[in-house]
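Here is the structure we will look at, set down as C-alpha cells.
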Amino acid sequence: MISPRRRFIGSSLLLLGSAATDALTTPLWRWSGPLVVEASPTGPSSNVQFVDVAHQAGLTIPNVWGSVSHERSIIETKGSGLAFFDYDNDGWLDIYLTNGDRLNTTWPSGKAPISHLYKNNRDGTFTDVTESSGLARTGWQTGVCVGDYNNDGWDDLFCCFLGHNILFHNNGDGTFTDVTKKAGLYQEKGRWGAGCTFLDYDRDSHLDLFICNYVKLDLESIPPIDQTTYCQWKGVPIMCGPRGLPADTNILYHNNGDGTFTDVSAKSGILKPGPRYSITAVSYDFDNDGWPDIYIAVDSQPSILFKNNHDGTFTDVAVMAGCAYNIDGHEQAGMGVAVADYDCDGWFDIFKTNFVDDTCNLYHNNGDGTFTDVTFPSGIGVNTRYVAWGCGFIDYDNDGWQDIIQVNGHVYPEVDQYDFGETFKNPRLVYKNLANGTFKDVSSQMGPGISERFSSRGAAFGDYNNNGRMDALILNLNDPPSLLRNEGVHSNNWLKIKLIGTKCNRTAIGARVRVITGKHIQMDEVHSGTSVMSQSDLRLHFGVAKSPVIDLIEVKWPTTQKLERFQKVAANQIITIREGDGIIATLTSPLTTPQRGRNT
C-alpha cells in the first residue's frame, strides 16, 4: 500500500467546495479533509540575507569548551545550548548563554568562564546583566529550557550540567535564585544532564520536567593526556565515545503544585527503554489526541518516541512508529530535533540532525500513528558532509511555509590535518520549503551569516528585534556566539502570538494554535526545549504571505482542551492572548494599523 506521504509528493491537492468552509469552522485536530497546497509566493529563492551582528549587539565574550586543538574526553566534544527568552516580561527577547570549562584547569580569581545573561536594550543591542542576575556559574553546562514551573507569571530557567543540574527561580526583579534542593531536583550523585523540556504531561496545570542524561562520566577518572588511550576514526586517534561508554537513563519529574517535584521515572515508564545516549528532548502532541508526547534524539542508538497513555504513563513507540531509525533501519547519531507541520496537513513532523557521513532525517507524520522517513524524496538528503547540531523550522521569508536552518560543527579538531574533505569549522545550512512537500538547499544565497564557518552547537530561534522576521542565535565552540539578523527584503506579512495560561500552566506550554488565511492552514504549539539542548522564543510566529488580515485564529488550551477563536485579525503585529480573556495586548508594526480580532 502506498503511504499517504508518497501519494502527496509531487502532487498539488486543492481544497474544493464545502470543504473550504469546513476548514474555517472545524478544528484541524478533528478535521480529516484534504490537504491545502498553494504555491510559495517567493519561489525557491528570495532576497533574505542573514548577517552576523553579534559583535555590534554586544555579544563578544567567547565560549570556553575543552581543548582547542586535541580532545581526550567526550565532554570536550559535546558543547552546549543557549536560550532566547523574555526573563523580564517587557516583550523583548533576552539571551542566556551557557559556558563550559577546560580539563585540569585552575582559573585565576575572576577569570573562570561563566554563563551569561544579556538584557535586550530594544535598540539592537544587549547589556550583560549576569553579575546582578545571580545566574553566573562555572562548569560544564550543556542544556537549558524555560518554563514558569510555579505559575507566578515569570519564566524560570532549568540548566543541565555535567555534575548537578540547577533550577533557577525567576524572582521577577531581574534576579534568579537557585532552588534546586528546595524543589527536590538535587541528586547527590552527579550525572550528565543534556537536553531538557518542561511539559504538563498529566494536564494538571503545573509544568513537569523531563531531563535527558547522556553518558555516565566522572571527571576525576579522565586520565591525563600522556596516559590517554585513544580510539580511532578513519584511522585517526581520537577520544572515545559514546559507544563503549556507559549510557544513562532519563528522568521525568512530576510537579507537585507546591514548588516541589517528585521523580516518577520508574512508574511513568520512562525507564523501560533502558540506558540511552539521549541528547535533546521535545514535547508535542504528535498523535493529535490532546496529550503531550515526548521525542528524544539519541546518539548512536535508536531514538525514542514516548506516547502519552493519558494515565501518567508513557510507552516508547518509536520503532513501531518509524522514527527510531533511518529508512534503512540503521541507528544514527541523533543530536538535535525540530518539530513543525511543514506541509500543513495538520500533523507534526520531525527533523533530526545526525553525524557526518550520514543524512539528517525528515520524518513525515502519516496521521495514523506512524512516520515515514522522507529524507531523500523531500530533498533534505543532499548533505552528508557535516556533523549537524542545532536546528529549527522557521519561516524565514514569511511565505507561510516552514523552512529549516541547521548549524554544524565537527567534534574532532584533528580533522583539519587530514585530507578527508571535512573541516572542524563548517558553514550553516538553509533549506527552503517549496510548498509541495520538498525542500531546496539555498544556503549559498542566504548571506554571510550562513556561509561563515564555526564549530557550532546550540541554536535558538526568535525575533529579537520585534520586526516580524525570524532571527537565529548560535553557540560556537571556543568562539563568540553568532546573532544572525534576518535582513529580509520582501513584502510578506506575519503574525506573532504570545499565549498566557490561566487555567492551564502560565507559560501555556502545550497550547496549540491554528492560523487560517484563505485556504492556507498553519499550526504550532508552545514548547520548551528544542534544537539541540536549547530554548527558542516561546511566542509562536506565522508568516502569512500577502494576506493583510488573518481570517481565523484558533487556540486550543491544553488543560481544558477548550477552543477560543478570533476572526479578522490584522497581520504585522504581536498579539498577546490570555486564556479566557481574549486578546489583551498588541504590539503593531509601523506598516499596519492596530486591529483587534473578534473573539468567537
Side-chain angles (χ1 to χ4, degrees), residues 74-75 77-83 98 140-147 157-167 180 185 187 189-199 201 207-217 241-242 245-254 261 263-266 268-284 292-306 314 316 318 323-324 331-339 350 352-354 389-391 457-460 509 527-536:
I74 191 171
I75 183 61
T77 70
K78 188 55 61 183
S80 56
L82 33 63
T98 63
W140 300 93
Q141 183 184 348
T142 44
V144 57
C145 56
V146 170
L157 199 63
F158 187 79
C159 300
C160 295
F161 285 81
L162 172 58
H164 297 284
N165 301 328
I166 300 177
L167 174 62
T180 313
L185 297 174
Q187 297 198 349
K189 184 177 180 180
R191 302 172 75 176
W192 185 349
C196 57
T197 185
F198 283 103
L199 73 159
Y201 75 86
L207 286 179
D208 312 300
L209 179 63
F210 183 91
I211 304 170
C212 294
N213 288 307
Y214 185 51
V215 171
K216 293 181 179 179
L217 180 69
L245 299 177
D248 205 349
T249 53
N250 300 317
I251 306 174
L252 178 64
Y253 286 104
H254 177 260
F261 293 80
D263 186 341
V264 294
S265 306
S268 67
I270 294 299
L271 298 182
K272 287 184 178 179
R276 296 279 176 94
Y277 304 123
S278 300
I279 295 182
T280 303
V282 292
S283 178
Y284 284 80
D293 311 300
I294 305 170
Y295 184 78
I296 305 157
V298 178
D299 189 357
S300 304
Q301 293 175 320
S303 289
I304 297 170
L305 174 59
F306 281 122
F314 291 83
D316 179 11
C323 55
E331 298 171 346
Q332 295 175 286
M335 310 285 194
V337 182
V339 175
I350 299 170
K352 177 170 69 71
T353 58
N354 297 304
W389 295 90
C391 56
R457 295 298 187 266
I509 288 171
H527 57 278
S528 166
T530 187
S531 182
V532 70
M533 304 178 289
S534 295
Q535 175 70 54
S536 293

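Basis for what follows: all heavy atoms, side chains included, without hydrogens, waters or symmetry-related copies.
In this view, Asp299 and Lys78 satisfy the salt bridge (Lys or Arg N to Asp or Glu O under 4.0 Å) rule, not counting sequence neighbours. Scanning for side-chain contact (heavy atoms from CB on, under 4.5 Å) contacts around Cys391 gives Ala338, Phe351, Thr353, with sequence neighbours left out. Partners of His164 by side-chain contact (heavy atoms from CB on, under 4.5 Å), not counting sequence neighbours, listed by chain and number: Tyr186. Applying the ring pair (Phe, Tyr, Trp, His ring centres under 6.0 Å) rule to Phe306 yields no partners; only residues at least two apart in sequence or on another chain are considered. For Ser80, the side-chain contact (heavy atoms from CB on, under 4.5 Å) test picks out Asn63, Trp65, Thr98, Leu475, with sequence neighbours left out. Shown here are the side-chain contact (heavy atoms from CB on, under 4.5 Å) partners of Lys272, two or more places apart in sequence or in another chain: there are none.
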### Task
Go through the steps for Arg191 and Thr249 under the test side-chain hydrogen bond (donor to acceptor under 3.5 Å, both in side chains), then give the verdict.
CA-CA 10 Å; Arg191 302 172 75 176; Thr249 53; 3.1 Å; yes
### Task
May I have the step-by-step check of side chain to side chain contact (heavy atoms under 4.5 Å, CB included) for Val337 and Tyr295, ending in yes or no?
CA-CA 8 Å; Val337 182; Tyr295 184 78; 3.9 Å; yes
### Test log, rule ring-ring contact (aromatic ring centres under 6.0 Å, His included), inputs Phe210 and Tyr201
CA-CA 10 Å; Phe210 183 91; Tyr201 75 86; over 10 Å; no
### Task
Under the side chain to side chain contact (heavy atoms under 4.5 Å, CB included) rule, what do Met533 and Cys160 come out as? Steps first, then yes or no, please.
CA-CA 9 Å; Met533 304 178 289; Cys160 295; over 6 Å; no
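For the atom pair Thr280 OG1 and Ile296 CD1, the distance stands at 10.0 Å (nearest 0.5 Å). Expressed to the nearest 0.5 Å, how far OG1 of Thr180 lies from CZ of Phe261 amounts to 10.5 Å.
Under a 3.5 Å cut-off, the side chain of Asp316 and the backbone N or O of Leu305 do form a donor-acceptor pair.
Between Leu209 and Cys145, the closest side-chain pair of non-hydrogen atoms falls below 4.5 Å.
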